[in-house]
Engineer: 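Pasting in a structure now, in structure tokens, and then I'll have a few things to ask.
Values below: every heavy atom of this structure, side chains too, minus hydrogens, waters and symmetry copies. Here the structure is a predicted model, which means the values were calculated and not measured.
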Amino acid sequence: MKIVSLILAAAPLALVSAGQLIPTADGTSWRYNMTEEVGKGLSVSDVKPDADGKIRRRVLYRIEGTENVDGKELLKFEMHRAGVITNTDLLTVDERGMICWARINADGELIKINPPQTMIATPLKPGVQWNFNGQAGDIKVQQNYEVTGEEDVDLPAGKFRAFHIHGEQMSPSPMTIDRWFAPGTGIVKDVTTMRATNGDLLDRISLELAERPKATDRPEVKSDATPKKISVSLAKDRFGKGTTTFSADASRIYARWQGRRLRKGAKVRAVWIAQNIGDDLPQDYKVDEASTIAESPTAQGAFSLSRPEDGWAAGDYRAEFYVDDVLVETVKLKIVK
């Protein structure tokens, strides 16, 4: 699922004009508390959730100078999380509002947006609506936004009077976006929710402003801390509770996967391996494999393995996941009698 790209602003309430949208001083930073809640049976690799099942982190959204793209100078907004720049938004601010012309993903790939996407329209006031129908690289994107009204928001950074902007994404995957935009501060709260076609929650990411914006030094970026492209969980049912232990009479084993920054058209492949099941099969024996094509960066799905007629052989197994034939995740499981 994608990390939320924040667009920050400052101006009087009830009507916000272009010249008042955003402070653009180099180094201006916004610190947020991020809370992530994944759907039943899903997980995020290498991250331990709290007792309530939610993942909590601190993130920083910061202006890092400008970048020239096709002869146009664009402001660089970097999203820093745990030593990683998860994405960079390349923007202009003018009489048309705040426009995103391109993004740089976690791999450093420049993705142009055609046509450029309006992130904040001007004049900004309750009832204003705008749409985006275009492409981010080779991915088709369709989104609708509306300023639904003004609300009071109480956050760690303080109390704010904010515009509530509601967004609906139809493609590449269904998503709702709710943002609270406070004059003189920017986006103070953001909630992005993704659901499966049956309505079940896949992922919800909430950002709340932890302190008011100010100039800061650029955080250290770890060269070896690239986020994983995919997260995987195992279960007895397609939408059941995750587990890594199965009985020998289990009718089916599901390996559910959730893309996070896949390229469109990426090949996702799962290989089931009997790692150590005694004398029945040689060690690290390949039981089966299956593959599919990801239609979007946040595509999700499941591979399953049916029980043999005489039942599963007890022992240790693993499921290896490959993206474009590169091993990206391994999940171990045990089958018991």
Engineer: Okay, side chain of Ser296, backbone of Pro172: is any donor-acceptor separation there less than 3.5 Å?
Structural biologist: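 Judged by distance alone, no pair lies under 3.5 Å.
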Engineer: Are any side-chain N or O atoms of Arg195 and backbone N or O atoms of Asp200, one a donor and one an acceptor, separated by less than 3.5 Å?
Structural biologist: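 Checked: no pair found.
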Engineer: Answer yes if the side chains of Asn68 and Glu73 hold a donor-acceptor pair under 3.5 Å, and no otherwise.
Structural biologist: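 The criterion, which ignores hydrogens and geometry beyond distance, is satisfied for Glu73 and Asn68.
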Engineer: Using a 3.5 Å distance criterion without hydrogens, assess whether the side chain of Gln135 forms a donor-acceptor pair with backbone atoms of Gly137.
Structural biologist: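 Yes, Gln135 side chain to Gly137 backbone: donor-acceptor pair under 3.5 Å.
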Engineer: Would you tell me whether Glu146 and His166 have side-chain atoms, one donor and one acceptor, within less than 3.5 Å of each other?
Structural biologist: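 Per modelled atom types, Glu146 and His166 side chains form no pair under 3.5 Å.
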Engineer: Can you confirm if the NZ or CZ of Arg269 lies within 45° of the ring axis of Tyr322 and under 6.0 Å from the centre of its six-membered ring?
Structural biologist: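 Yes; both conditions hold, so Arg269 lies above the ring face of Tyr322.
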Engineer: Say whether, by atom type as modelled, one donor and one acceptor occur between the side chain of Trp30 and the main chain of Arg212 under 3.5 angstrom.
Structural biologist: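 Pair absent, no side-chain N/O of Trp30 close to backbone of Arg212.
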Engineer: Judged by atom type as modelled, is there a donor-acceptor pair below 3.5 Å linking the side chain of Asp190 to the main-chain atoms of Arg179?
Structural biologist: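 Not a single qualifying donor-acceptor pair exists.
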Engineer: State, yes or no, whether a side-chain contact exists between Trp101 and Thr92 at a heavy-atom distance under 4.5 Å.
Structural biologist: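 Trp101 vs Thr92: side chains touch.
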Engineer: Under a 4.0 Å threshold between the charged nitrogen and the carboxylate oxygen, would Glu67 count as salt-bridged to Lys76?
Structural biologist: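 Salt bridge flag = yes for Glu67 with Lys76.
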Engineer: Would you say Thr118's side chain and Ile120's backbone share a donor-acceptor pair under 3.5 angstrom?
Structural biologist: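 It does not hold such a pair.
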Engineer: Distance-only, no hydrogens or angles: does the Arg96 side chain make a donor-acceptor pair with backbone N or O of Thr122 under 3.5 Å?
Structural biologist: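 No.
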Engineer: How far apart are the C-alpha atoms of Thr216 and Arg62, what are their side-chain angles, what is the distance that settles it, and do they pass the side-chain contact (heavy atoms from CB on, under 4.5 Å) test?
Structural biologist: CA-CA 8 Å; Thr216 65; Arg62 182 180 181 275; 3.8 Å; yes
Engineer: Between Phe77 and Tyr61, is the ring centre distance below 6.0 Å?
Structural biologist: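 Between Phe77 and Tyr61, the centre distance is under 6.0 Å.
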Engineer: Just to verify, which of Thr88, Ile104, Asn105 counts as forming a side chain to side chain contact (heavy atoms under 4.5 Å, CB included) with Leu110?
Structural biologist: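 Of all the options given, the one that passes is Ile104.
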Engineer: Check for a donor-acceptor pair, side chain of Gln169 on one end and backbone N or O of Ser173 on the other, with a separation under 3.5 Å.
Structural biologist: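 Yes, the answer is positive, given that a donor and an acceptor are paired below the 3.5 Å cut-off.
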Engineer: Any carboxylate oxygen within less than 4.0 angstrom of a Lys/Arg side-chain nitrogen, looking at Asp70 and Lys112?
Structural biologist: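 Salt bridge present between Asp70 and Lys112.
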Engineer: Using a strict cut-off of less than 4.0 Å between a Lys/Arg side-chain nitrogen and an Asp/Glu carboxylate oxygen, indicate whether Asp316 and Lys334 qualify as a salt bridge.
Structural biologist: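 Salt bridge: yes.
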Engineer: Taking all non-hydrogen atoms of both residues, which atom of Ala25 and which atom of Thr28 are closest, and how far apart?
Structural biologist: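 For Ala25 and Thr28, the tightest heavy-atom pair comes out as O-OG1, 2.8 Å.
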Engineer: Side chain to side chain contact (heavy atoms under 4.5 Å, CB included) with Asp284: which residues, sequence neighbours excluded?
Structural biologist: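 Per chain and number, Asp284 pairs via side chain to side chain contact (heavy atoms under 4.5 Å, CB included) with Ile273, Gln275, Arg318.
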Engineer: Can you check whether Glu289's main-chain N or O pairs, donor with acceptor, with Ser291's side chain at less than 3.5 Å?
Structural biologist: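 Not confirmed, Ser291 side chain does not pair with Glu289 backbone.
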Engineer: Please answer whether the main-chain N or O of Trp272 pairs with a side-chain N or O of Glu320 as donor and acceptor at a distance below 3.5 Å.
Structural biologist: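 It does not hold such a pair.
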